[in-house]
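Written out below as structure tokens is the structure these notes cover.
Letters A, B, ... mirror the listed sequences (proteins, then strands); counts begin at 1.
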There are 2 protein chains.
Amino acid sequence: MSVIRGARERARIEVTAAIKEEARRQLAAEGASRLSLRAVARELGMVSSALYRYFPSRDELLTALIIDAYDAMGAEAEAALARTAGDAPHARWVAVCRSVRDWALARPHEYALIYGSPVPGYIAPMDTVGPASRVPLTLVAVVREAHAAGTLGPPPGSPLAAPVRADAARLAAELGPELPIPVVAALVGSWAQLFGLLSFELFGQFNRVVEARGAFFDQAVGALAGQVGLSPAAVLPAE
Amino acid sequence: MSVIRGARERARIEVTAAIKEEARRQLAAEGASRLSLRAVARELGMVSSALYRYFPSRDELLTALIIDAYDAMGAEAEAALARTAGDAPHARWVAVCRSVRDWALARPHEYALIYGSPVPGYIAPMDTVGPASRVPLTLVAVVREAHAAGTLGPPPGSPLAAPVRADAARLAAELGPELPIPVVAALVGSWAQLFGLLSFELFGQFNRVVEARGAFFDQAVGALAGQVGLSPAAVLPAE
DNA sequence: CAACAATGAGAGCACCGCTCTTGTTTTTTC
DNA sequence: GAAAAAACAAGAGCGGTGCTCTCATTGTTG
């Protein structure tokens, strides 16, 4: 399947990669709305119409960049999870969140591409949902491990309204049937709130408000962990 | 100061308003990145160059829309606060959050304008910070009232790291010197997290994940209230 | 009334996304 | 190995964009 068949196919892969690379460079320099196919082509020494052999439209190029960004961020989160194997769940939660933040701080424009305003009229194709769910699935993995170890406390807060419980139950069936329903509901909220913190920091809302951004982030995601039932003290029991 | 001096000045105010109105219509129809000065001018029966007498650039038009949007959202939040005078702080908190959500759901593109990816290269001018702070100040008002009434519990979570405490202390001096520092820190986090919930809902991240969006939002902002020390049970004491 | 500043109209510049046609090169098929 | 098919690059061109410039007109003010 991944066998490269000939010079043409090899060239196509290389050119496609070069286009995305140059597009990412322009993204970082100018932002998504100023990404120009003509400029990308010019920089690559080709004519603009040639670029349409590789991406049928500007939106398709953006979609490819979106998928790449989701994948890169997800890989970062998964790497953080793997790196902290054996640590306490609360610490792993914080580590995963931090890795996401580090990735976003290094590539703010790619972050904006996936968590900023959606391009108008643009419906995210199904190809994006897999890559997009890698970060939340990583957070779920942390919680499942804590639950398996018996260190997961009940999430604080009022009991769930019926429709929320229904949503959470459906999600639990997909993500971790053994998890208590309120934990799943709290997880979804924490997931959104994590990116609220990131977006505010990256989009400038914290300017002149929060200066110690890293410390503040750690504090906030620690609190988020508490919201899903992960307590700082709990440690994985030795086998 | 606000006396209208002549026909010319009156016309200028009307034309400026008409331009913004038409621009908002296009914003709703096409999104910020497809907002076109020429199309606005065309719809208004003027030539595109005439529009530059009113806004020196497309970005300036966007800035005006941004300020209007912040102001409208802030007014909505303040109205919700006024409407619930005398209610328990926890209920007022939820009411303010709901009013912000309702405003955003009715004008998703204006929401995206102020809480989505910033226009690249675009630095928010100082004019925006006043209108932008109306919503957070409304949330602060709820918490201050609860504190004055003595119903504000200590926010849960680990003690604050020194730099976070310093930021929060500086903010407390501006926003409410009587408030405990950890409450101020939790407030900033809740503020960001509130818009995380909103952005995920509005930008499509909850598609196929959360269906009962209103109920879920209420649940989540209720938990957010708990994070700043507002408990559902506490009621304002009768005078 | 005259001088002035604000406004509108039009042409034009450089750029954009995208399409179509033309000629070339690689791959596939017989 | 030659012919047919597919992939590709290049160029011209269409209708659109933000923005600037010039020039005539119109309301304001001394």
Side-chain angles (χ1 to χ4, degrees), chain A residues 3-20 22-27 29-66 113 118-123, chain B residues 1-20 22-27 29-66 113 118-123:
Chain A
V3 179
I4 294 175
R5 301 171 59 91
R8 184 144 247 173
E9 190 158 340
R10 187 182 311 245
R12 168 163 263 275
I13 290 172
E14 276 175 19
V15 174
T16 304
I19 292 172
K20 290 202 288 189
E22 177 58 33
R24 259 188 291 267
R25 192 186 341 271
Q26 289 202 16
L27 209 63
E30 302 282 356
S33 68
R34 279 173 171 55
L35 198 175
S36 146
L37 287 191
R38 289 181 115 112
V40 169
R42 207 180 307 134
E43 212 68 24
L44 261 47
M46 43 167 102
V47 85
S48 74
S49 60
L51 216 145
Y52 284 81
R53 302 277 175 193
Y54 299 89
F55 296 94
S57 75
R58 185 178 174 276
D59 274 9
E60 291 285 332
L61 212 200
L62 279 176
T63 299
L65 295 180
I66 286 172
L113 200 59
V119 181
Y122 168 88
I123 307 291
Chain B
M1 205 58 177
S2 71
V3 180
I4 294 176
R5 302 172 58 92
R8 190 149 242 173
E9 192 158 339
R10 189 184 308 248
R12 168 163 264 275
I13 290 173
E14 276 175 20
V15 173
T16 305
I19 291 173
K20 290 203 287 190
E22 176 59 33
R24 257 188 292 269
R25 194 188 339 272
Q26 288 202 17
L27 208 65
E30 302 283 354
S33 68
R34 280 174 170 55
L35 197 174
S36 146
L37 286 192
R38 289 183 115 111
V40 169
R42 208 178 308 136
E43 212 68 25
L44 261 47
M46 41 167 103
V47 86
S48 73
S49 60
L51 216 143
Y52 284 81
R53 302 284 178 190
Y54 299 88
F55 296 94
S57 74
R58 185 177 173 276
D59 274 9
E60 292 284 333
L61 212 200
L62 279 176
T63 299
L65 296 180
I66 286 172
L113 200 59
V119 181
Y122 168 87
I123 307 292

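- Atoms CD1 (A:Ile13) and P (D:dA7) sit 15 Å apart, rounded to a whole Å.
- Look at A:Glu9 and A:Arg12 and you find no salt bridge, because none of the NZ, NE, NH1 or NH2 atoms lies under 4.0 Å from a carboxylate O.
- Look at CD on B:Glu9: it is 14 Å from C1' on C:dA5, rounded to the nearest Å.
- Separating the CG atom of A:Leu51 from the P atom of D:dA7 is a distance of 18 Å, rounded to the nearest angstrom.
- Closest heavy-atom contact between B:Tyr52 and B:Ser57: CE2-CA, 4.3 Å.
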So which protein nitrogen or oxygen atoms get under 3.5 Å of nucleotides 24-26 of chain D's nitrogens or oxygens?
| from | atom 1 | to | atom 2 | distance (Å) |
| --- | --- | --- | --- | --- |
| D:dT26 | O2 | B:Arg8 | NH2 | 3.2 |

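- Rounded to an integer number of Å, the gap from CG of B:Leu44 to P of C:dA9 is 11 Å.
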Verdict with supporting geometry, A:Met46 and A:Val15, side chain to side chain contact (heavy atoms under 4.5 Å, CB included):
CA-CA 11 Å; A:Met46 43 167 102; A:Val15 174; 3.6 Å; yes
I'd like to compare against my own output: the B/S/- annotation of nucleotides 11-22 of chain C with a strict under-4.0 Å heavy-atom distance to protein.
-B---BBBBB--
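- The two residues A:Phe55 and A:Lys20 come nearest to each other via the heavy atoms CZ-CG, 3.8 Å.
- Rounding to the nearest 0.5 Å places CD1 of B:Ile19 at 4.0 Å from CG of B:Leu51.
- For A:Arg12 and D:dA9, the CZ to C1' distance is 13 Å, given to the nearest whole Å.
- With rounding to the nearest 0.5 Å, the separation of CG in A:Leu113 from CG in A:Leu62 is 6.0 Å.
- Within 4.0 Å (heavy atoms only), B:Tyr54 reaches sugar-phosphate atoms of the nucleic acid but no base atom.
- As rounded to whole Å, 10 Å separates atom P of D:dT28 from atom CZ of B:Arg10.
- Of all non-hydrogen atoms in A:Leu27 and A:Ala32, the two that sit nearest each other are CD1-CA, 3.4 Å.
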Just distance, no hydrogens or angles: give the donor-acceptor pairs under 3.5 Å from side chains in residues 36-43 of chain B, sequence neighbours left out.
| from | atom 1 | to | atom 2 | distance (Å) |
| --- | --- | --- | --- | --- |
| B:Ser36 | OG | B:Arg38 | N | 3.3 |
| B:Ser36 | OG | B:Ala39 | N | 2.9 |

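- The distance between atom CD of B:Glu60 and atom P of D:dG18, rounded to the nearest whole Å, is 15 Å.
- Judged by distance alone, the side chain of B:Arg58 and the main-chain N or O of B:Leu35 form a donor-acceptor pair under 3.5 Å.
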